[in-house]
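Everything below concerns the one structure shown next.
Below, chains carry the letters A, B, ... as their sequence lines are ordered, and counting in each starts from 1. In this text the structure is predicted, and so the values were computed from the model without any measurement.
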Amino acid sequence: MLDQRLLRDNPDLITSELARRGLTVDLTGLQLVAQQERQLEEQRSNLQAEGNRIGKQVGQLIQAGASPKGPEVQALRDQGNRIKQQVAVLEEEEKGLEQRLRDQLLAFPNLPAAAVPPGSSEADNVEVKRWGSPRQESGLQEHWQIGERLGLWETERSVRIAQSRFITLLGAGARLERALISFMLDQHSARGYTEVLPPILVNSASLTGSGQLPKFAEESFRCADDDLWLTPTAEVPLTSLHRDEVLPAEQLPLRYCAYTPCFRREAGSYGRDTRGLIRLHQFNKVELYWFCHPDHSAAAHEQLTAHAEAILETLALPYRRIELCTADLGFSAARTFDLEVWLPGAGAYREISSCSVCGDFQARRASIRFKQADSKGTQLVHTLNGSGLAVGRTMAALLENGQQSDGSVKLPAALVPYFGGDTIGAG
RNA sequence: GGAGAGGUGGCUGAGUGGUCGAAAGCGAACGACUCGAAAUCGUUUGAAGGGCAACCUUCCGUGGGUUCGAAUCCCACCCUCUCCGCCA
């Protein structure tokens, strides 16, 4: 959520920064609402102050021995009643304006960081670096061909269980998924992240805090009877882990990693990536999340991204880092690096991680602040999140990159202790 | 799901309808003492909004209500704990 003070003090900045994201907004109406709301607040609080004075007078008179029914007290009571009625009217109006203001502010995306390259579509994203040597030979299979051939999962029977875009992993496939989750969590824990296994049903306040609500309700699965939703990413429960908290400054940064299944409707993607593990309604992901001091969030972004990259490197998977341009940034992000893994069968790089710094955007929505022991007041923390990594897509990458001429798949050495072998489909 | 108890500041925990934003303690900060520290003593110490400021308003689970005045009384809801039931 954007800062109301920014709306008041520098609305042109909001307009121009949102324009960088390709968004045209006219804030004049909203500014007017904010201004009216402030005037009402002033009027109301002055009236309340008067009412409070009257209340005290009544109390003092009665304690001094005046009759509670006497004319003097009665006059004050009448005055108090009149004020009460006026306050009620103002208050209702004020609440209405406040609600309008908040609703609209919640619908604005984050402002892009200064460093974000300008652009009008994903075509303007900037490649920052490449790692590894991609296999280029012809005749390589795509991961879904390999998986089906080796019996790593069930496609059609999964439709029977749920519907399309759900997968049932079997045998070595299920085992590899589990191995990857453990491997990733161990790697991150060793770097100081606290492992978290959060609820994957989350309430509306949690989705609002991280930015999925109110605008993207149609992207999530919902349990209509309970004000609970299936989480689309661990970013949601992790943000709310400290929602409405004031953290001691010396505890920062707080760094968490969490494995969760993730659930997304993928509305509007019919016909795309219909085969294999790339685009599913339910997939597994290990997420990295930081709560940090505003001064350190830029450096933290680099570190978090490096931690995601370290997983790819340890798995010997070639990748590239892409910096998203202003037009391609997600709703809550101020700056984002996407990691794309090389899929030699498909002959393309595919997104496997997205690492974002959100500034105070989520912290303001979720009210997550920190306090310096020696100073008054609180400040909003900065939050960062990144996939470390999407597990299904990692499996796809391992299958395509590790495929051998005999049809088997060779796994990287780092996975052997987790998987219990170095080859799938040998013999 | 049924019965009971309870939700108060960073934490513990008092609170009679009227100077209650709230005693006390812990914790924290500063100062004194000390060569230094511990202990002790003193002072300070919640948040949000508005105002240049003095200061004003709001916040005792949430939302309503009664009252001139509500942490305190009434209603509804949410949550936590204990017992029972059910259950991996």
Side-chain angles (χ1 to χ4, degrees), chain A residues 1-9 30-102 105-106 197 199-209 223-229 237 240-252 254 261 291 360 363-381:
Chain A
M1 187 164 63
L2 302 181
D3 193 352
Q4 283 196 34
R5 224 162 292 165
L6 194 61
L7 175 69
R8 187 196 311 153
D9 299 340
L30 198 55
Q31 277 180 271
L32 198 67
V33 171
Q35 205 182 340
Q36 285 173 342
E37 193 262 343
R38 217 149 45 114
Q39 280 170 2
L40 277 174
E41 178 181 341
E42 197 182 325
Q43 279 180 44
R44 191 218 66 224
S45 81
N46 285 341
L47 269 175
Q48 280 177 325
E50 201 181 329
N52 288 343
R53 275 195 297 275
I54 289 169
K56 276 179 189 170
Q57 277 179 45
V58 173
Q60 283 165 355
L61 281 174
I62 291 175
Q63 278 182 344
S67 158
K69 302 272 183 198
E72 199 180 2
V73 170
Q74 192 57 50
L76 284 172
R77 279 188 177 170
D78 292 344
Q79 209 182 336
N81 266 324
R82 277 197 300 278
I83 287 171
K84 187 161 63 168
Q85 281 166 17
Q86 290 171 29
V87 166
V89 172
L90 291 178
E91 221 165 33
E92 196 174 337
E93 209 177 328
E94 193 184 335
K95 265 188 196 169
L97 292 177
E98 233 169 50
Q99 189 61 46
R100 266 174 67 188
L101 195 59
R102 186 174 162 80
L105 283 175
L106 280 175
L197 197 62
I200 54 178
L201 290 185
V202 298
N203 58 35
S204 297
S206 295
L207 280 164
T208 305
C223 309
D225 291 342
D226 298 292
D227 183 37
L228 287 170
W229 309 64
S240 280
L241 187 62
H242 291 296
R243 178 152 48 84
D244 294 321
E245 282 189 42
V246 178
L247 305 162
E250 63 271 17
Q251 276 185 17
L252 300 177
L254 289 167
F291 299 87
D360 62 14
R364 184 173 296 107
R365 291 172 157 252
S367 185
I368 307 167
R369 295 161 293 163
F370 70 94
K371 186 178 174 61
Q372 217 94 39
D374 54 351
S375 70
K376 241 184 138 48
T378 58
Q379 267 188 84
L380 294 167
V381 299

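- RNA chain B lies under 4.0 Å from at least one heavy atom of each of the following residues of residues 81-88 of chain A: A:N81, A:K84.
- Within 4.0 Å (heavy atoms only), A:Q79 reaches no atom of the nucleic acid at all.
- Summarising the base pairing, B:rC81 is matched to B:rG4 through a Watson-Crick or G-U wobble pair whose two defining distances lie under 3.5 Å.
- When both distances must be under 3.5 Å, the Watson-Crick or G-U wobble mate of B:rU34 does not exist.
- Distance check on atom P: B:rG4 versus B:rC55 gives 50 Å, rounded to whole Å.
- In a base pair of the Watson-Crick type (N1 to N3 plus N6-O4 or O6-N4) or a G-U wobble (N1-O2 and O6-N3), with each distance short of 3.5 Å, B:rA70 is matched with no nucleotide.
- The same atom, P, is picked in B:rU62 and in B:rG7; the two are 13 Å apart, to the nearest Å.
- Salt-bridge annotation for A:E245 and A:R369: absent, with no side-chain N of the basic residue lying under 4.0 Å from a carboxylate O of the acidic one.
- Checking A:R365 against A:T208 by side-chain atom types alone, no donor-acceptor pair falls below 3.5 Å.
- Within the structure, the salt bridge (Lys or Arg N to Asp or Glu O under 4.0 Å) test picks out no pair touching residues 74-87 of chain A (sequence neighbours left out).
- The partner of B:rU45 is B:rG27, judged by Watson-Crick or G-U wobble contacts that both fall below 3.5 Å.
- Judged as a salt bridge (Lys or Arg N to Asp or Glu O under 4.0 Å), and not counting sequence neighbours, A:E41 has no contacts.
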